[in-house]
Amino acid sequence: MLKNMLKNVVGAVAPTIGQALGGPLGGAAMNVVANALGCEPNARSVERAVREATPEQLLALKNAELEFEVKMKELEVDVFALEAADKQDARTHFARDWTAKIIGLTMVLFFCAYIAMITVMPPEQNSMELINLVLGYMGGLVSAVISFYFGASNSSKE
């Protein structure tokens with residue numbers, strides 16, 4: 001949980017490093033972020049340092065990302081390809097497991113049912129804030145399910 005949150009927080013400033021945090025290069029990416037921010041290379045310290053970062057530290061993190069990208073190109077490592085391979089491995093692993101399929105199908109059906117329900121309800125009974133909140137959350141879950149089973153459109157930067 002903390003790792004995903006950290007990936008998102010760092011990914012907002014340094015997308016390539018944020019992407020690497022979730023994959024096999026996570027340790028190296030964590031060290032790059034920690035060095036740029038001047039903190040210990042663990043998830044809690046880095047997350048706190050990113051939240052409390054000064055503009056100078058954010059600039060240092062952005063510069064560290066550029067150096068990280070250059071180093072990965074020199075080593076011929078494609079961070080996005082590694083993530084795609086990781087997802088493909090997960091797809092292969094869960095190909096025979098019905099649990100993921102049932103959960104995914106249930107999410108898609110609930111999403112469609114919710115849309116149908118709010119469409120037929122009278123407008124005065126709807127709370128737009130609640131509808132938007134639930135649609136956003138369920139839309140994200142359904143997007144992840146679709147991405148898992150049919151792939152994502154994430155391509156490498158070349």
Side-chain angles (χ1 to χ4, degrees), residues 1-95 97 99-100 103-104 106-108 110-111 114-115 118 127-158:
M1 176 78 174
L2 184 63
K3 192 84 160 182
N4 284 336
M5 184 172 42
L6 180 62
K7 179 180 171 183
N8 292 336
V9 170
V10 171
V13 177
T16 304
I17 294 176
Q19 196 74 33
L21 281 171
L25 296 173
M30 182 73 73
N31 287 333
V32 168
V33 174
N35 287 338
L37 298 176
C39 66
E40 293 294 317
N42 62 57
R44 290 198 190 284
S45 296
V46 169
E47 196 256 333
R48 186 176 342 105
V50 170
R51 272 192 283 121
E52 300 170 355
T54 64
E56 292 81 19
Q57 288 175 315
L58 292 176
L59 181 61
L61 180 58
K62 194 65 176 166
N63 289 335
E65 178 188 32
L66 296 174
E67 291 173 16
F68 184 76
E69 286 177 357
V70 168
K71 187 179 282 186
M72 292 299 110
K73 285 203 185 287
E74 287 173 0
L75 297 173
E76 296 181 3
V77 174
D78 187 351
V79 174
F80 297 102
L82 289 173
E83 183 186 13
D86 184 45
K87 286 184 181 177
Q88 187 61 37
D89 182 48
R91 287 185 191 111
T92 304
H93 178 72
F94 286 107
D97 185 15
T99 306
I103 291 172
T106 302
M107 286 308 311
V108 171
F110 274 133
F111 184 67
Y114 186 75
I115 289 175
I118 62 170
S127 167
M128 291 310 293
E129 292 83 15
L130 181 61
I131 288 172
N132 288 334
L133 178 73
V134 173
L135 277 178
Y137 182 74
M138 289 181 75
L141 291 175
V142 169
S143 175
V145 168
I146 300 300
S147 174
F148 179 80
Y149 283 106
F150 298 108
S153 60
N154 212 5
S155 62
S156 64
K157 296 182 197 177
E158 288 191 48

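Just the heavy atoms: all of them, side chains too, but no hydrogens, waters or symmetry mates, feed the values below. No experiment lies behind these values; they were computed from the predicted model shown. If you read the sequence from its start, that first residue is 1, and numbering goes on from there.
- For the side-chain contact (heavy atoms from CB on, under 4.5 Å) test with Glu56, the passing option among Thr54, Leu59, Leu58 is Thr54; the others fail.
- The nearest pair of heavy atoms linking Ala64 to Ala36 is CB-CB, 3.9 Å.
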- [ ] Please report the C-alpha distance between Ile118 and Leu135 in whole Å, then the side-chain angles of each, then the deciding distance to 0.1 Å, and finally whether the side chain to side chain contact (heavy atoms under 4.5 Å, CB included) criterion is met.
- [x] CA-CA 10 Å; Ile118 62 170; Leu135 277 178; 3.9 Å; yes
* **Ile146/Val142 under side chain to side chain contact (heavy atoms under 4.5 Å, CB included): CA gap, chis, key distance, verdict** => CA-CA 6 Å; Ile146 300 300; Val142 169; 4.1 Å; yes
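- Closest heavy-atom contact between Leu37 and Gln57: O-NE2, 3.3 Å.
- With sequence neighbours excluded, the residues forming a side chain to side chain contact (heavy atoms under 4.5 Å, CB included) with Glu40 are Asn42, Ser45, listed by chain and number.
- Under the side chain to side chain contact (heavy atoms under 4.5 Å, CB included) criterion, Thr106 pairs with Ile102, Phe110, sequence neighbours left out.
- Rounding to the nearest 0.5 Å places CG of Asn35 at 11.0 Å from CG of Leu61.
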